[in-house]
Structure formats: structure tokens, C-alpha cells
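Residue numbers start at 1 and run along the sequence shown. As the structure is a computational prediction, the values presented were derived from the model and not from experiment.
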Amino acid sequence: MAKGVIATLVARRQTVATAESLTAGLVCAALTDVPGASAVVRGGLVVYATELKTVLADVDPDLLAQHGAVHPEVAAQLAEGGRGRCGADWGLGLTGVAGPAQQDGVGPGTVHVGLAGPEVRTVRTHWFEGDRAQVRMASVRAALELLQEHLR
């Protein structure tokens with residue numbers, strides 16, 4: 001899937017950046033595994049710690065204080081923050097709980113994927129089954145699918 005995303009971005013002459021929490025850079029790594037990715041991947045922010053979501057990705061600290069780090073609006077703001085900080089056309093933001101334990105009362109497998117781009121700001125929420133690795137890999141696929149849908 002990353003190959004198709006990169007090819008579409010190249011054809012459209014557009015760029016992408018990520019701001020990732022639970023995936024800790026796996027989306028950016030998947031994209032940059034594709035030869036030629038340097039033409040369209042601007043970079044990525046790994047904002048695993050809650051305070052870094054504000055410091056690096058410009059997520060509203062009041063939002064984090066009120067709802068915690070695992071919230072749909074946090075994913076949207078991560079996408080916008082990654083896009084803005086890296087100067088990209090598109091931004092992907094991911095936050096969630098890979099498990100095995102809950103975080104801030106949110107169950108394992110809950111993932112929010114945000115996308116920000118030209119006239120687009122959307123979030124998709126998923127509930128994935130499996131262990132940490134399975135949840136994280138499913139999150140990467142979900143992020144790439146969401147971007148690909150909006151690139152068509």
C-alpha cells in the first residue's frame with residue numbers, strides 16, 4: 001500500500017508528513033521504505049510522550065488535559081501539526097492504545113487516525129484486535145488507506 005501512496009503523491013506533486021504516537025514512526029518508516037519516497041515524504045514527528053504532542057505537534061494542551069492523549073481531536077491536531085511543522089501538503093496523525101493495558105480509561109486496540117490536507121480534515125476511529133504489534137501494524141495500514149482514499 002505504501003508503494004501506491006508514494007506513486008500517487010509523486011504523480012500529484014504533493015508531499016506528506018506524519019505525527020505519530022502509538023506507532024512511534026512506523027507510518028513514516030513504511031512510506032520511506034519505498035524507493036523514491038524522498039521526493040514526497042517531508043518527515044515525521046514521534047510524539048510518544050503526551051507533552052511532546054503539544055511541544056512538537058501543536059496539540060492544544062487544554063484538549064489533552066480534558067480528554068487525554070487518546071481522542072479523535074488529538075489525532076486531527078496531530079495531523080495538522082505534522083503537516084504544518086514539516087511543510088507538507090498532507091499530514092497523518094495517529095494516537096491510540098496498543099495495549100496490553102488501558103490508557104486514560106481507553107481500551108487496548110482503540111486507535112484514532114487523523115488526516116489533514118488540501119480542504120480535508122478528518123478522523124477515523126478503529127478498534128483493532130490482537131497484541132501490541134498487531135494493533136500497531138493495523139494502525140499503519142489504516143493510516144495509509146485513509147490517505148490513499150483522499151488522494152484518488
Side-chain angles (χ1 to χ4, degrees), residues 1-50 52-54 56-59 63-64 67-99 103 106-152:
M1 174 156 301
K3 244 182 178 176
V5 168
I6 295 296
T8 304
L9 286 167
V10 168
R12 291 177 64 148
R13 297 180 183 189
Q14 292 183 326
T15 57
V16 66
T18 65
E20 304 177 58
S21 185
L22 87 147
T23 48
L26 291 174
V27 175
C28 196
L31 290 167
T32 57
D33 276 346
V34 178
S38 61
V40 296
V41 177
R42 294 283 300 154
L45 308 172
V46 175
V47 290
Y48 209 68
T50 299
L52 290 182
K53 291 169 180 58
T54 296
L56 298 177
D58 302 321
V59 174
L63 172 68
L64 292 168
H67 296 287
V70 183
H71 188 272
E73 181 60 21
V74 172
Q77 289 187 20
L78 285 171
E80 291 172 331
R83 178 184 187 216
R85 288 285 179 149
C86 294
D89 296 299
W90 295 93
L92 285 167
L94 291 91
T95 187
V97 183
Q103 179 182 333
V106 179
T110 304
V111 175
H112 305 291
V113 180
L115 177 68
E119 300 179 30
V120 174
R121 184 187 193 273
T122 189
V123 177
R124 194 164 290 160
T125 299
H126 302 273
W127 293 273
F128 296 122
E129 297 287 327
D131 62 20
R132 282 181 63 80
Q134 291 168 320
V135 168
R136 292 174 75 197
M137 293 315 325
S139 301
V140 171
R141 282 190 303 277
L144 296 176
E145 286 172 359
L146 181 61
L147 177 56
Q148 186 66 44
E149 284 175 26
H150 287 273
L151 290 173
R152 291 187 182 137

Can you check whether [X] reaches [Y] side chain to side chain, under 4.5 Å on heavy atoms?
X: F128; Y: P108; answer: no
X: L94; Y: L78; answer: no
X: T95; Y: K53; answer: yes
X: V41; Y: I6; answer: yes
X: H112; Y: V70; answer: yes
X: V74; Y: H67; answer: no

So, the side chain of [X] versus the backbone of [Y]: is there a donor-acceptor pair under 3.5 Å, distance only?
X: R42; Y: C86; value: yes
X: R132; Y: G99; value: yes
X: T15; Y: V40; value: no

> For the side-chain contact (heavy atoms from CB on, under 4.5 Å) test, which of L52, T54, V59 pairs with L56?
Replying inline: L52
Extract all donor-acceptor atom pairs below 3.5 Å that involve side chains of residues 144-152 and protein atoms in other chains or at least two apart in sequence.
from : atom 1 : to   : atom 2 : distance (Å)
Q148 : OE1    : V5   : N      : 3.3
Q148 : NE2    : T8   : OG1    : 3.4
E149 : OE1    : R124 : NH1    : 3.3
E149 : OE1    : R124 : NH2    : 3.0
E149 : OE2    : R124 : NH1    : 3.0

Side-chain atoms of residues 23-35: list all donor-acceptor pairs with protein atoms under 3.5 Å, sequence neighbours left out, distances to 0.1 Å.
from : atom 1 : to  : atom 2 : distance (Å)
T23  : OG1    : E20 : OE1    : 2.6
T32  : OG1    : C28 : O      : 2.9
T32  : OG1    : A29 : O      : 3.3

